[in-house]
Protein chains: 2
Amino acid sequence: MWSNHINYYLRMRTHQLVLSWIENELSGGRLTVGGRLPAERTLAEQLKVSRTSVREAIRILEAMGVVRAGVGSGPEAGTVVISDPTAALGSALRLHVATQHLPVADIVETRVLLESWAVAKAGPDAPELEEASALLEAMAAEDLAVSDFLALDVRFHLALADAAGNAVVSAMMGSLRESIQGYAAELTSGLPDWEATASRLRAEHQDILAAIRNDDGGQAARLVAAHIEGYYKEAGLASAGTEPARP
Amino acid sequence: MWSNHINYYLRMRTHQLVLSWIENELSGGRLTVGGRLPAERTLAEQLKVSRTSVREAIRILEAMGVVRAGVGSGPEAGTVVISDPTAALGSALRLHVATQHLPVADIVETRVLLESWAVAKAGPDAPELEEASALLEAMAAEDLAVSDFLALDVRFHLALADAAGNAVVSAMMGSLRESIQGYAAELTSGLPDWEATASRLRAEHQDILAAIRNDDGGQAARLVAAHIEGYYKEAGLASAGTEPARP
DNA sequence: GTAGTTGATGTGGTTGGACCACATGCCCTA
DNA sequence: TAGGGCATGTGGTCCAACCACATCAACTAC
């Protein structure tokens, strides 16, 4: 007696109605992370809508990183509630970068802002620093492929961001990273002397971690900013000044 | 000759294939903001997939703020490419707040971080300051409803964020605002003396704008941080203190 | 001749039904 | 008892039809 009235009076599209129902279940705590949505056919019958509309709503939630859909039977099957804000923000940013309405330079600038804040905020005893330290050791290996080094580098910086203890900043950092991942990889391939660059990056990483451990947040922030900006400058972020004008 | 092979070998879901195609068109510049996607039936035939899958892809893009779908004929009809990153980030954040995996305190903290950075970065001649100034005048009206005041307040703060000239920061600020809009409204209704609060907010707004106009970014950042945190503290949210971003 | 009406056309929105691939688990057989 | 095979239930995909809507052109009435 609920759905059809709203649909009629508010001209709400059907899948949005399903979306509202699910969001309401989430807000009310009747659906929590790890829980499962009713089966698509069941939900369609409950809400008096077609399975198609239910599926459209679930697609959106999946793109938002709120649910994961799995076929078959068992614990991996069905539509279960997860929480992956990074996925949502990341693909959204990536798409808008594709439309060329989000300049890459702005993304880099935002990353510098967030990450320098994070290392300034992180306390010297943050548990995430252990992981960061372990990652640095792994990056010191001699016979490391470039792609592996970069993968570890990503995880190192994300660990630093996590150390600030702010879930929103962590998610945004991850999404910024993801949205320009292809761009960064392309830049790296154009470096003149990768070994020299890698060596410098390792040293800078150590300095950053040391500053945090020394409880010198201001210094850590400065080092991080110089680290990131220096990399993009060396790799030839020529677009810094030539990006199309903002609308 | 393309779609079915990828679908077979990569086990890619059909709507993701459509998504890839569209994203590719965007990256290649063959689809730009203001342009129109082929009609759903046409696109389905072109990509050799069902209209259902095309629609699921379009739903995702719509939720991401990349397209807008309109029925009928004429300029408002069809699926046209837009660019509204704020919508995507906003609903994503709101949904994850609903799952209670993104603490409101973290959102407020992030907002303080971004906005204090923005006012520090904004130059005294940024054109957005004119709009901010006009908004302040409107907020000085005597017989202003609380909801109208709050709406103007939102626009004032967004104008400040825009003044920094970073599209990513602007989008994130807008989405943060949207994700906790209901929460903030609830807090406001519990204030003991609204008139006194509004009066204080007006004065603080003037001080912030004056600091930016005076090219004193550091002072503006401090004022903004105190302004936001003071409001949430008065309204009863116990949030951790946050230092303004470095200049 | 002009003004209003009416139908054709093309768009997204929605529905029901059908079939597929897959993963589990029960049940029956050897 | 150990093994294979079918029943069940899940999401994934496709199809064919219909609706509501907005525009535009042709037609009709004056």
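Sequence lines set the chain letters: A, B, ... in the order given, protein chains first and strands last, and positions in each chain run from 1.
We find that CD of B:Glu45 is positioned 14 Å from C1' of D:dC15, with the value rounded to whole Å. Protein atom CG of B:Leu47 is 11 Å distant from nucleotide atom P of D:dC14, rounded to whole Å. In this structure, the NE2 atom of A:His15 is 12 Å from the C1' atom of C:dG12, given to the nearest Å. We find that CD of A:Glu76 is positioned 14 Å from C1' of D:dG11, with the value rounded to whole Å. Separating the CD atom of A:Glu56 from the P atom of C:dT14 is a distance of 7 Å, rounded to the nearest angstrom. For A:Ile58 and D:dG12, the CD1 to P distance is 8 Å, given to the nearest whole Å. The CZ-P distance, from B:Arg36 to D:dT23, rounds to 11 Å in whole Å. In this structure, the CD atom of B:Gln16 is 8 Å from the P atom of D:dT13, given to the nearest Å.
Side-chain contact between B:Leu150 and B:Val146 is present, with at least one heavy-atom pair separated by less than 4.5 Å. Residues B:Glu115 and B:Leu176 are not in side-chain contact: their nearest non-hydrogen atoms beyond the backbone lie 4.5 Å or more apart. Annotation: side chain of A:Leu191 is in contact with side chain of A:Thr188 (closest heavy-atom distance under 4.5 Å).
Distances shown here put a side-chain N or O of B:Thr14 below 4.0 Å from the OP1 or OP2 atom of D:dT13. For D:dT13, neither phosphate oxygen OP1 nor OP2 lies less than 4.0 angstrom from any side-chain nitrogen or oxygen of B:Arg13.
Contacts of B:Arg59 with the nucleic acid, taken as non-hydrogen atoms under 4.0 Å apart, involve only primed sugar atoms and P, OP1 or OP2. Here B:Ser53 lies in heavy-atom contact (under 4.0 Å) with sugar-phosphate atoms only. Contacts of A:Arg68 with the nucleic acid, taken as non-hydrogen atoms under 4.0 Å apart, are absent.
Residue-to-nucleotide contacts include a donor-acceptor pair under 3.5 Å from the side chain of A:Arg41 to the base of D:dG11. Taking 3.5 Å as the limit, the base of D:dG12 and the side chain of A:Arg51 contain a donor-acceptor pair of atoms between them.
Taking the six-membered ring where tryptophan is involved, the planes of B:His205 and B:Phe156 are tilted, since the angle between them lies from 30° to 60°.
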Restricting to nitrogen or oxygen on both sides, can you table the protein-nucleotides 3-9 of chain D pairs closer than 3.5 Å?
none

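For the pair A:Ala44 and A:Val54, the tightest heavy-atom approach, listed with the atom from each and the gap, is CA-CG2, 3.6 Å. Smallest separation of non-hydrogen atoms from A:Leu144 and A:Ala138: CD2-O, 3.7 Å.
Screening residues 161-190 of chain B for salt bridge (Lys or Arg N to Asp or Glu O under 4.0 Å), with sequence neighbours left out, gives B:Arg94-B:Glu178, B:Asp153-B:Arg177. Residue pairs that meet the salt bridge (Lys or Arg N to Asp or Glu O under 4.0 Å) test with at least one member in residues 54-64 of chain A, sequence neighbours left out, are A:Glu40-A:Arg55, A:Arg55-B:Glu56, A:Glu56-B:Arg55, A:Glu56-B:Arg59, A:Arg59-A:Glu62, A:Arg59-B:Glu56, A:Glu62-B:Arg13.
Taking for each of B:Thr42 and B:Thr52 the nucleotide of DNA chain C with the nearest heavy atom, the 5'-most of the two is the partner of B:Thr42.
With sequence neighbours excluded, the residues that form a side-chain contact (heavy atoms from CB on, under 4.5 Å) with A:Thr42 are A:Pro38, A:Ala39, A:Gln46.
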When the side chains of residues 72-91 of chain A are checked against the rest of the protein, which donor-acceptor pairs come out under 3.5 Å, sequence neighbours left out?
| from | atom 1 | to | atom 2 | distance (Å) |
| --- | --- | --- | --- | --- |
| A:Asp84 | OD1 | A:Ala87 | N | 3.4 |
| A:Ser91 | OG | A:Ala87 | O | 2.8 |
| A:Ser91 | OG | A:Ala88 | O | 3.4 |

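Using a 4.0 Å cut-off on heavy atoms, the residues of residues 77-86 of chain A that approach DNA chain D are A:Gly78, A:Thr79, listed by number.
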